[in-house]
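One structure below.
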Amino acid sequence: MVVGSAVILMRKRSQIARLYSIAVKCGCQRSGIGHLLTNEVSRAATAHGCTEVRLESRIDNVRAHALFRALGYTPFGAPIRDYYADGASAIRFRKQLRPDIATKAAGRNADNSNIDWNQAPPG
Ligand SMILES: CC(C)(COP(=O)(O)OP(=O)(O)OC[C@H]1O[C@@H](n2cnc3c(N)ncnc32)[C@H](O)[C@@H]1OP(=O)(O)O)[C@@H](O)C(=O)NCCC(=O)NCCS
């Protein structure tokens with residue numbers, strides 16, 4: 001049974017990963033799965049040589065914001081207006097990973113390109 005999922009996007013030439021979506025099945029929430037998934041995102045991004053994870057979250061999604069903040073994400077930039085289909089804004093969060101570990105894990109030259117993942121909102 002699938003109780004949750006997280007989708008992370010990474011690009012070869014960017015050290016910034018994007019947490020595209022994360023969700024835990026109703027009835028399974030508030031039991032630590034969101035924490036586990038979010039930490040796994042950091043682990044996977046680090047293993048692929050990323051130095052930062054970014055995400056966008058609906059401005060009124062206080063539960064998700066609490067989770068992200070608890071795990072070291074901080075909001076940055078101005079809210080993105082009209083980000084979701086119903087016109088709601090998004091707040092952007094980011095978390096720095098351990099660049100020393102990330103670069104080693106990538107086994108390649110560090111690429112400082114700074115691609116902005118501000119694309120379509122998660123489904
Ligand atoms: C946001 C979301 C992924 C969090 O997942 P979750 O599995 O409920 O997260 P966790 O259980 O790890 O943590 C949530 C809360 O449960 C608490 N918790 C964790 N383990 C617990 C346990 N064993 N017993 C009681 N509470 C617990 C955490 O401390 C946290 O408390 P807080 O909300 O007061 O900060 C989930 O609410 C969800 O799927 N929401 C809908 C989709 C969504 O909004 N996604 C985010 C888009 S940006």
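As the structure is a computational prediction, the values presented were derived from the model and not from experiment. Note that ligands are numbered from 1 as they come in the structure, with each ligand's atoms numbered from 1 the same way. Excluded from the calculations below are hydrogen atoms, water molecules and symmetry mates; all remaining heavy atoms, backbone and side chain alike, are included.
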- Message: Please give me the minimum heavy-atom distance between I91 and P75, naming the atom from each residue.
- Response: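 Scanning both residues completely, I find the closest heavy atoms to be CG2-CB, 4.0 Å.
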- For the pair K95 (side chain) and L71 (backbone), establish whether a donor and an acceptor sit closer than 3.5 Å, ignoring hydrogens and angles.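 It does hold such a pair.
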- S31 side chain to C28 main-chain N or O, any donor-acceptor pair under 3.5 Å?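 Yes.
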- Message: Ring centres under 6.0 Å, that's the criterion: do F93 and Y73 meet it?
- Response: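 When the ring centroids of F93 and Y73 are compared, they turn out to be at least 6.0 Å apart.
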- Query: Rounded to the nearest 0.5 Å, how far does CG of L19 lie from CE of M10?
  - Reply: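 If we round to the nearest 0.5 Å, M10:CE and L19:CG are 10.5 Å apart.
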- Message: Can you tell me how far apart CZ (R81) and CD1 (I59) are? Round to the nearest 0.5 Å.
- Response: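 It comes to 10.0 Å.
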Per-pair distances, ligand 1 N/O vs protein N/O, less than 3.5 Å:
from     : atom 1 : to  : atom 2 : distance (Å)
ligand 1 : 7 (O)  : G34 : N      : 2.8
ligand 1 : 8 (O)  : R30 : N      : 2.8
ligand 1 : 11 (O) : R30 : N      : 3.3
ligand 1 : 11 (O) : S31 : N      : 3.0
ligand 1 : 11 (O) : G32 : N      : 2.7
ligand 1 : 12 (O) : G34 : N      : 3.4
ligand 1 : 12 (O) : H35 : N      : 2.8
ligand 1 : 12 (O) : H35 : ND1    : 2.6
ligand 1 : 13 (O) : H35 : ND1    : 3.3
ligand 1 : 20 (N) : G32 : N      : 3.3
ligand 1 : 26 (N) : R30 : O      : 3.3
ligand 1 : 33 (O) : R30 : NH1    : 2.9
ligand 1 : 37 (O) : Q29 : OE1    : 3.4
ligand 1 : 39 (O) : V24 : N      : 2.7
ligand 1 : 39 (O) : V24 : O      : 3.4
ligand 1 : 39 (O) : Q29 : NE2    : 3.4
ligand 1 : 44 (O) : N61 : ND2    : 2.7
ligand 1 : 45 (N) : I22 : O      : 2.7

